[in-house]
A.B. asks: 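Before anything else, here's the structure in question.
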Amino acid sequence: ASKIDKAAVAAEAASKKPKEEQKPPAESEEKNPFTVLVCGGGNAAQVATGMFSARYNTIAVSLYADEAAKWKAALGEDDFELTLDTGKVIKSKPDDITNDPSCAAKADAIILAVPSFAHGQYFEAFAPYMKPGCLVACMPARSGGDILFASKLGEKAKDMIFMGFETLPWACRFTEWGRKAVCLGTKGSILAAVTPPTKFPQAFAILQGCVGVFPHVVESPNNLGISLRNPGAQIHPGVMFGRWCPEKWDGASLPEKPLFYQGVDEFSEGVLNGLTNEVQAIARKMEEMVPGLDLRDGCTLHQWYLDSYAGQMTDDSSLRMCMNTNPGYRGLTHPCKDVEDGKFMPDLRYRYLTEDVPTGMCFNKGLGEILGVPMPMTDKVLTWAQECIGMNFMVDGKMCGSDIGKTRAPQATGIITLDDFLKASKIDKAAVAAEAASKKPKEEQKPPAESEEKNPFTVLVCGGGNAAQVATGMFSARYNTIAVSLYADEAAKWKAALGEDDFELTLDTGKVIKSKPDDITNDPSCAAKADAIILAVPSFAHGQYFEAFAPYMKPGCLVACMPARSGGDILFASKLGEKAKDMIFMGFETLPWACRFTEWGRKAVCLGTKGSILAAVTPPAKFPQAFALMQGMLGVFPAVTESPNNLGISLRNPGAQIHPGV
């Protein structure tokens with residue numbers, strides 16, 4: 001009934017290395033102030049600012065010209081309006097918009113949503129002010145982001161957490177600059193790596209809490225894998241070279257702009273395969289030099305397309321056909337400039353060369369040079385590209401040109417040996433080998449898809465008391481949220497009390513969320529819509545809700561009890577019968593908040609939030625999925641901490657002993 005498999009438990013225990021014992025979360029609720037800096041002023045930075053400032057102290061920072069002053073003036077005293085791909089609209093106001101880097105002294109997290117060539121500028125500007133334990137996340141990190149971060153922060157880097165994302169979480173754009181933006185789609189999941197890797201749980205809780213239920217943040221073993229996976233470092237320079245190198249172009253203007261991805265021919269495919277094979281040679285050499293190092297995410301370009309766009313291409317038999325038949329690329333052309341008579345010339349100083357060569361290709365070449373990996377195709381493309389953009393990175397095949405300091409090549413920060421590189425990357429050979437030896441083989445999982453979709457998500461919140469009203473107000477700001485009460489006529493009374501108004505929730509951060517649940521009902525058939533069901537009712541009522549929802553629930557639904565009390569998983573299994581095997585049960589030790597309604601059905605307040613909270617999942621293999629959903633809904637706090645099984649949660653129930661005993 002508890003889904004405890006003796007043989008599986010024994011095998012799991014035998015495969016695990018001893019962990020440093022961690023104390024369970026404290027029971028007390030505190031005010032948990034949290035400050036996040038969002039860097040940049042483009043589409044992604046404005047979306048992140050609008051999203052995060054609804055719940056947290058959020059400061060938008062732009063070091064580009066007078067962008068911060070212009071944004072501040074454009075917004076004025078109004079709220080920023082963000083329309084999510086769920087259809088919800090968030091109205092919020094950043095606590096400041098500034099170009100003053102000293103605000104980094106307040107930051108618990110810093111999110112960089114700026115072009116990769118600007119990362120160093122922000123790291124350097126923030127370095128004097130950053131406090132220990134600050135999380136710095138780059139969306140995306142591109143190649144060697146962790147090494148650049150370490151070089152700019154120097155000795156302080158050891159006290160920080162660096163998180164490199166493969167890509168951006170959203171397809172988004174501003175609709176009125178500085179005032180309104182829209183999320184067109186959100187990735188279902190997204191790869192990220194953390195340096196040092198032991199800080200991944202902490203970084204995961206913060207970023208998943210910030211971005212929400214989607215995208216699920218998926219752990220990549222290390223930032224080197226993220227660096228070598230950077231497709232822009234190969235695709236953009238490679239396709240540009242394949243079309244505009246002297247072998248393919250005579251220098252004459254063209255009557256129309258050539259297709260970029262869908263125009264890739266056999267020659268360009270040969271260039272791209274040459275580049276990607278050389279990166280694979282780097283990965284294999286690193287794995288040979290550092291036994292146990294996992295660089296599986298640094299895959300070939302063909303595999304990257306299969307991972308990222310599976311099912312979208314009409315022909316995925318080769319790299320060229322993946323690019324030619326990807327509908328997302330339809331009509332995209334080479335960057336060109338207008339010239340006389342309506343003709344076009346290539347823009348050879350476009351970001352595909354000015355950004356992707358120094359921040360991507362130069363990293364690959366520099367690491368290859370350190371490892372002694374021959375890279376003839378990279379040498380050929382890099383020699384051509386540096387001439388196009390008027391830079392001097394490579395001389396006689398070596399990364400020692402006068403502009404090397406403007407690149408992400410390891411040599412730009414004085415790294416010339418493998419030991420130097422491992423030290424800068426915080427890759428400890430002995431620790432990597434020990435970690436690899438202690439791990440049991442995992443079922444191989446495909447990396448996240450690249451495409452952004454609308455990700456509808458429906459959550460049911462059960463109950464009508466303090467916690468249920470707080471959860472309803474919190475979740476309905478971003479997700480399709482249905483409040484369900486099976487107690488007497490509580491649902492009808494709540495619906496009447498709220499009327500057409502928004503529910504008002506005051507958080508312990510001082511922020512106020514105004515939102516409206518999509519329904520308030522006593523009809524259990526609404527469970528058919530639910531991706532997650534949250535029970536915030538007394539434990540004696542759990543069985544009533546399980547039984548009422550059972551006929552309607554869809555496979556894969558997450559059911560979370562706050563708190564689960566004793567035997568919640570067994571009760572759940574007994575009420576759902578055979579259907580239980582297709583569900584996910586999550587038992588929380590306690591409630592996340594100290595809270596109360598201030599005007600029943602209309603207003604509530606969070607007095608304090610736990611810093612972290614214990615929870616167990618049945619089956620345990622579903623914990624990452626359940627964790628992402630719950631952390632995304634709850635926010636940065638409380639950090640959801642994994643308890644090994646629901647039996648431990650049951651036996652930890654203090655009320656079962658204290659209340660009767662006293």
A.B. asks: Within the side chain of Ser650, is there an N or O that forms a donor-acceptor pair under 3.5 Å with the backbone of Gly567?
C.D. replies: yes
A.B. asks: Output yes when Asp569 and Lys3 qualify as a salt bridge under the 4.0 Å nitrogen-oxygen rule, no when they do not.
C.D. replies: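 Judged by the 4.0 Å cut-off on N to carboxylate O distance, Asp569 and Lys3 do not form a salt bridge.
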A.B. asks: Tell me whether Asp489 contacts the main-chain N or O of Ala492 through its side chain, where contact means a donor paired with an acceptor under 3.5 Å.
C.D. replies: no
A.B. asks: Please round to the nearest 0.5 Å and tell me the distance separating atom CD of Glu547 and atom CG of Leu486.
C.D. replies: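 Glu547 atom CD to Leu486 atom CG measures 11.0 Å (nearest 0.5 Å).
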A.B. asks: Using a strict cut-off of less than 4.0 Å between a Lys/Arg side-chain nitrogen and an Asp/Glu carboxylate oxygen, indicate whether Lys88 and Asp518 qualify as a salt bridge.
C.D. replies: yes
A.B. asks: Does the side chain of Phe34 reach to within under 4.5 Å of the side chain of Cys210, using non-hydrogen atoms?
C.D. replies: yes
A.B. asks: Between side-chain atoms of residues 468-477 and protein atoms elsewhere (two or more places apart, or another chain), which donor-acceptor pairs fall under 3.5 Å?
C.D. replies:
residue, atom, partner, partner atom, Å
Gln469, OE1, Gly601, N, 2.9
Gln469, NE2, Gly464, O, 3.0
Thr472, OG1, Ala468, O, 2.8
Ser476, OG, Thr472, O, 2.7
Ser476, OG, Ser515, OG, 2.8

A.B. asks: When rounded to the nearest 0.5 angstrom, what distance separates CZ in Phe204 from CZ in Phe627?
C.D. replies: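 Rounded to the nearest 0.5 Å, the CZ-CZ separation comes out at 5.0 Å.
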A.B. asks: For the pair Gln631 (side chain) and Val640 (backbone), establish whether a donor and an acceptor sit closer than 3.5 Å, ignoring hydrogens and angles.
C.D. replies: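 Checking the backbone N and O of Val640 against the side chain of Gln631, a donor-acceptor pair under 3.5 Å is found.
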A.B. asks: Say whether, by atom type as modelled, one donor and one acceptor occur between the side chain of Tyr309 and the main chain of Met323 under 3.5 angstrom.
C.D. replies: no
A.B. asks: Is Val559 close to Leu535 at the side-chain level, that is, under 4.5 Å between some pair of heavy atoms?
C.D. replies: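 Heavy-atom side-chain distance check passes, below 4.5 Å.
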A.B. asks: I'd like to know if the side chain of Lys579 and the backbone of Ala550 have a donor-acceptor N/O pair within less than 3.5 Å.
C.D. replies: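 Side chain of Lys579 to backbone of Ala550, a donor-acceptor pair under 3.5 Å: yes, one is there.
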A.B. asks: Which heavy-atom pair separates Ala626 from Val617 by the least distance, and what is that distance?
C.D. replies: CB-CG2, 3.8 Å
A.B. asks: Kindly say whether Gly648 contributes a backbone atom to a donor-acceptor pair with the side chain of Asn645 at under 3.5 angstrom?
C.D. replies: yes
A.B. asks: Using side-chain heavy atoms (C-beta onward) and a distance below 4.5 Å, is Arg602 in contact with Asp502?
C.D. replies: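 Arg602 vs Asp502: side chains apart.
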A.B. asks: How long is the straight-line distance from CZ of Phe200 back to CD1 of Ile161, given to the nearest 0.5 Å?
C.D. replies: 11.5 Å
A.B. asks: Indicate the atoms forming the closest heavy-atom contact of Lys575 with Phe546, along with that distance.
C.D. replies: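 So the minimum-distance heavy-atom pair works out to CB-CB, 3.7 Å.
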A.B. asks: What is the minimum heavy-atom distance between His216 and Val213, and which atoms define it?
C.D. replies: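 So the two residues come closest at CD2-O, 3.0 Å.
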A.B. asks: Is there a side-chain contact between Leu207 and Leu135 in this structure, where contact means two heavy atoms from C-beta onward sitting under 4.5 Å apart?
C.D. replies: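 Sidechains of Leu135 and Leu207: in contact.
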A.B. asks: Between the side chain of Thr509 and the main-chain N/O of Arg55, is any donor-acceptor distance below 3.5 Å?
C.D. replies: yes
A.B. asks: State, to 0.1 Å, how close Ala283 and Leu295 come at their nearest heavy-atom pair, and which atoms those are.
C.D. replies: O-CD1, 3.6 Å
A.B. asks: Gln208 side chain to Val217 main-chain N or O, any donor-acceptor pair under 3.5 Å?
C.D. replies: yes
A.B. asks: Stepwise, does the side-chain contact (heavy atoms from CB on, under 4.5 Å) test hold for Leu505 with Val605?
C.D. replies: CA-CA 6 Å; Leu505 173 61; Val605 61; 5.8 Å; no
A.B. asks: Work out which heavy atom in Ala530 is nearest to a heavy atom in Cys557; give both atom names and the distance.
C.D. replies: O-SG, 3.7 Å
A.B. asks: Would you call the rings of Phe585 and Phe572 parallel, tilted or perpendicular, taking 30° and 60° as the class edges?
C.D. replies: tilted
A.B. asks: Using side-chain contact (heavy atoms from CB on, under 4.5 Å), reason through Asn480 and Val459 one step at a time and then give a plain yes or no.
C.D. replies: CA-CA 6 Å; Asn480 184 37; Val459 55; over 6 Å; no
A.B. asks: Can you pull the side-chain hydrogen bond (donor to acceptor under 3.5 Å, both in side chains) pairs that have at least one residue in residues 555-566, sequence neighbours excluded?
C.D. replies: Ser566-Asn653
A.B. asks: Could you go through the side-chain contact (heavy atoms from CB on, under 4.5 Å) check for Lys180 and Phe80 one step at a time?
C.D. replies: CA-CA 6 Å; Lys180 295 180 181 180; Phe80 187 90; 5.8 Å; no
A.B. asks: What pairs with Ser317 under side chain to side chain contact (heavy atoms under 4.5 Å, CB included), at least two apart in sequence or on another chain?
C.D. replies: Asp315, Met321
A.B. asks: Any sub-3.5 Å donor-acceptor pair from Asp85's side-chain atoms to Thr186's backbone N or O?
C.D. replies: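 At least one qualifying donor-acceptor pair exists.
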A.B. asks: Out of curiosity, Leu224 CG to Leu293 CG, how far, rounded to the nearest 0.5 Å?
C.D. replies: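 These two atoms lie 6.0 Å from each other.
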A.B. asks: Checking the side chain of Lys187 only, and the main-chain atoms of Leu168 only, is there a donor and an acceptor separated by less than 3.5 Å?
C.D. replies: yes
A.B. asks: Kindly write out the residues that satisfy side chain to side chain contact (heavy atoms under 4.5 Å, CB included) with Pro624, not counting sequence neighbours, or none if the list is empty.
C.D. replies: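 By the side chain to side chain contact (heavy atoms under 4.5 Å, CB included) rule, Pro624 matches no residue at all.
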A.B. asks: I'd like a table of donor-acceptor pairs (distance under 3.5 Å, sequence neighbours excluded) in which one partner is a side-chain atom from residues 519-527, with atom names and distances.
C.D. replies:
residue, atom, partner, partner atom, Å
Asp519, OD1, Lys495, NZ, 2.9
Thr521, OG1, Asp523, N, 3.0
Asp523, OD1, Ser525, N, 3.0
Asp523, OD1, Ser525, OG, 2.9
Asp523, OD2, Ser525, OG, 2.9

A.B. asks: Would you say that Tyr479 contacts Thr458 through its side chain, given a criterion of any heavy-atom pair below 4.5 Å between the two side chains?
C.D. replies: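 When only atoms from C-beta onward are counted, Thr458 and Tyr479 do not touch, as no gap falls below 4.5 Å.
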A.B. asks: Write out all pairs satisfying side-chain hydrogen bond (donor to acceptor under 3.5 Å, both in side chains) with one or both partners inside residues 528-545, taking only residues at least two apart or from two chains.
C.D. replies: Asp531-Lys554
A.B. asks: Can you check whether Thr641 reaches Ser612 side chain to side chain, under 4.5 Å on heavy atoms?
C.D. replies: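 With C-beta onward as the side chain, the pair touches.
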A.B. asks: Answer yes or no: does atom NZ of Lys516 have more than 12 heavy-atom neighbours from other residues, nucleotides or ligands under 6.0 Å?
C.D. replies: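 More than 12 within 6.0 Å, yes.
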A.B. asks: For residues Thr590 and Ile613, determine if any side-chain heavy atom of one lies less than 4.5 Å from a side-chain heavy atom of the other.
C.D. replies: yes
A.B. asks: Which value, rounded to the nearest 0.5 Å, describes the distance between Leu571 atom CG and Ser574 atom OG?
C.D. replies: 5.0 Å
A.B. asks: With rounding to the nearest 0.5 Å, note down the distance linking CZ in Arg330 to OG1 in Thr325.
C.D. replies: 10.0 Å
A.B. asks: Do you know which two heavy atoms are closest between Thr618 and Ser2, and how far apart they sit?
C.D. replies: CG2-O, 4.1 Å
A.B. asks: Take a 6.0 Å sphere around CZ of Arg596 and say whether it holds more than 12 heavy atoms from other residues, nucleotides or ligands.
C.D. replies: no
A.B. asks: When you check the gap from the basic side-chain N to the acidic O, do Arg652 and Glu589 get nearer than 4.0 Å?
C.D. replies: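 Yes, this pair counts.
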A.B. asks: Determine whether Leu460 and Phe549 satisfy the following criterion, side-chain contact (heavy atoms from CB on, under 4.5 Å), listing intermediate values before the conclusion.
C.D. replies: CA-CA 11 Å; Leu460 269 55; Phe549 291 150; 4.2 Å; yes
A.B. asks: For Tyr487, I'd like to know if atom OH has over 12 heavy atoms of other residues, nucleotides or ligands within 6.0 Å.
C.D. replies: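 Atom OH in Tyr487 is not crowded, with 12 or fewer foreign heavy atoms closer than 6.0 Å.
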A.B. asks: Between Leu507 and Ile513, is any pair of side-chain heavy atoms under 4.5 Å apart?
C.D. replies: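 Of all side-chain heavy-atom pairs linking Ile513 with Leu507, at least one is under 4.5 Å.
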